[in-house]
Amino acid sequence: MDGKNTQCFLAQFFNAIYVLDGDSSKPNAVHIFNANSKTWSVQSTSAPDRFDVTSAGVILDHDTNVFFALSGDNLYQLDMSDQASAKSGTLKWHGVDKPNFKTDGYDPVMAIADNHVFFLNVPGNRAGEANIFVIHFAYFQPEVQAFKAKSGSVLPATGGETTSIWQAVGTAPSSQKSFAFFPNDGSATYIVNVL
């Protein structure tokens, strides 16, 4: 793997791992590991000229198996459907919407929960605020959402990493209702319940 912005994603409902920008000679290709057959394959993709996977912030919505990527001043999507291996043909990244916030100099910090993509550390927002993209309606919520703990603490306005948290409902997993945020400085772990 020699990409500039290599990112790995688990597609747990399809028993696959997707790798974006894993090969610098084919940055738009999606490398797929099929955990059932223990084989790798490469899915070709095409993208609009302004899309750059080598610098994009990307997240996979596990419910729909669709990638969402913020590249420049646009949000894009790539539908992986039920893929556990590459298929013939080329999948296409499509422009979805322009964010309702400035993206100049923004290093995306994205989280996903409850069918919403949360953009943290957005320039101009206060600590604890997130811009939100509503997946099933394909639009950016006009207002920022503030997250504040009962203790008064808030998510810091800083770079970091996120992961979704699944909650079991009976014997089956539900959609993600929470996410964890880990600031780059390692100062704390924040759990955000979005309901």
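Because the structure is a prediction, the values reported are computed rather than measured.
Salt bridge status for Asp21 with Lys26: absent, with no side-chain N to carboxylate O gap under 4.0 Å. The pair Lys92-Asp79 does not count as a salt bridge, with every side-chain nitrogen at least 4.0 angstrom from each carboxylate oxygen.
Note that the OG1 atom of Thr90 and the CH2 atom of Trp93 stand 14.0 Å from one another [nearest 0.5 Å]. Atom CG in Leu91 sits 9.0 Å away from atom OG in Ser81 (nearest 0.5 Å). Distance check: Lys4 NZ to Ser55 OG gives 7.0 Å after rounding to the nearest 0.5 Å. Note that CD of Glu143 and CD1 of Ile132 are 9.0 Å apart. Values are rounded to the nearest 0.5 Å. Here Asn74 contributes atom CG and Lys98 contributes atom NZ; the two are 4.5 Å apart, rounded to the nearest 0.5 Å. Taken from CG in Asn131 to CG in Leu70, the straight-line distance is 10.5 Å, to the nearest 0.5 Å.
No continuous path of hydrophobic side-chain contacts links Val53 to Phe68 [ILVMFWY only; heavy atoms under 4.5 Å]. Val58 and Ile17 fall into different hydrophobic clusters, defined by Ile, Leu, Val, Met, Phe, Trp and Tyr side-chain heavy atoms under 4.5 Å apart, directly or through other members. One hydrophobic cluster holds both Val66 and Val117 under the rule that ILVMFWY side chains link at heavy-atom gaps under 4.5 Å. Note on Leu75 and Phe101: same hydrophobic cluster, where clusters join Ile, Leu, Val, Met, Phe, Trp and Tyr whose side-chain heavy atoms are under 4.5 Å apart, directly or indirectly. The hydrophobic cluster containing Met110 does not contain Val144, counting ILVMFWY residues as joined when their side-chain heavy atoms lie under 4.5 angstrom apart, directly or transitively.
Between the side chains of Thr54 and Asn5, no donor-acceptor pair of N or O atoms lies under 3.5 Å.
Counting non-hydrogen atoms of neighbouring residues, nucleotides and ligands closer than 6.0 angstrom, the NZ atom of Lys148 reaches no more than 12 such neighbours. Environment of CD in Gln141: crowded, with over 12 heavy atoms of neighbouring residues, nucleotides or ligands closer than 6.0 Å.
Counting heavy atoms from C-beta outward, Glu129 and Leu155 have side chains that stay 4.5 Å or more apart. Inter-residue side-chain proximity for Phe147 and Val154 is flagged as unmet; no heavy-atom pair is nearer than 4.5 Å.
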So Gln83 and Gln43, side chain to side chain donor-acceptor pair (under 3.5 Å) or not? Walk me through it. CA-CA 10 Å; Gln83 284 193 243; Gln43 178 65 57; 2.9 Å; yes
Given the rule in the side chain to side chain contact (heavy atoms under 4.5 Å, CB included) test, do Phe14 and Asn65 qualify, once you have shown the distances and angles that lead to the verdict? CA-CA 9 Å; Phe14 305 103; Asn65 215 35; 3.5 Å; yes
Could you go step by step and tell me if Phe33 and Tyr18 meet the ring pair (Phe, Tyr, Trp, His ring centres under 6.0 Å) rule? CA-CA 7 Å; Phe33 180 74; Tyr18 304 139; over 10 Å; no
Derivation of the side chain to side chain donor-acceptor pair (under 3.5 Å) call for Thr39 and Asn34: CA-CA 5 Å; Thr39 58; Asn34 182 318; 5.1 Å; no
Given side chain to side chain contact (heavy atoms under 4.5 Å, CB included), test Met80 with Val30 step by step and report yes or no. CA-CA 10 Å; Met80 295 301 291; Val30 179; 4.0 Å; yes
Worked check of side chain to side chain contact (heavy atoms under 4.5 Å, CB included) between Asn100 and Tyr139: CA-CA 10 Å; Asn100 57 356; Tyr139 85 103; over 6 Å; no
Stepwise side chain to side chain contact (heavy atoms under 4.5 Å, CB included) test for Phe133 and Phe118: CA-CA 7 Å; Phe133 178 76; Phe118 297 83; over 6 Å; no
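Contact record, Val109 with Gly159: CG2-CA, 3.9 Å, taken as the closest heavy-atom pair. Between Ile59 and Phe9 the shortest heavy-atom distance is CA-CE2, 3.9 Å. Heavy atoms only, all atoms of each residue included: Leu120 and Ala130 are closest at CD2-CB, 3.7 Å. Here the shortest heavy-atom pairing between Val19 and Cys8 reads CG2-SG, 4.0 Å. Nearest heavy atoms, Ala86 versus Ile32: N-CD1, 3.9 Å. Nearest heavy-atom pair, Pro183 versus Ala188, reported as atom, atom and distance to 0.1 Å: CD-O, 3.0 Å.
With hydrogens and angles disregarded, no donor-acceptor distance shorter than 3.5 Å links the side chain of Thr163 to the backbone of Phe179. Between the side chain of Ser44 and the backbone N or O of Ala29, no donor-acceptor pair lies under 3.5 Å. No side-chain donor-acceptor contact under 3.5 Å links Asp61 to the backbone of Ile135. Of the possible donor and acceptor atoms, none in the side chain of Thr162 sits under 3.5 Å from a partner among the backbone N and O of Phe181. A distance-only check finds no donor-acceptor pair linking the side chain of His62 to the backbone of Ile112 [under 3.5 Å]. Between the Asp23 side chain and the Ser25 main chain, a donor and an acceptor come within less than 3.5 Å of each other. Under the 3.5 Å distance criterion, the side-chain polar atoms of Thr45 are matched with a main-chain donor or acceptor of Asn28.
Residue pairs meeting the side-chain hydrogen bond (donor to acceptor under 3.5 Å, both in side chains) criterion with at least one partner in residues 183-195, sequence neighbours excluded, are Asp185-Ser187.
In this pair, Phe140 and Phe119 present their aromatic rings tilted. The plane angle is within the 30 to 60° band. Taking the six-membered ring for Trp and thresholds of 30 and 60 degrees, His31 and Trp40 have ring planes more than 60 degrees apart, a perpendicular arrangement. A perpendicular orientation is assigned to the rings of Phe51 and Tyr76, their planes being inclined by more than 60° (bins at 30° and 60°).
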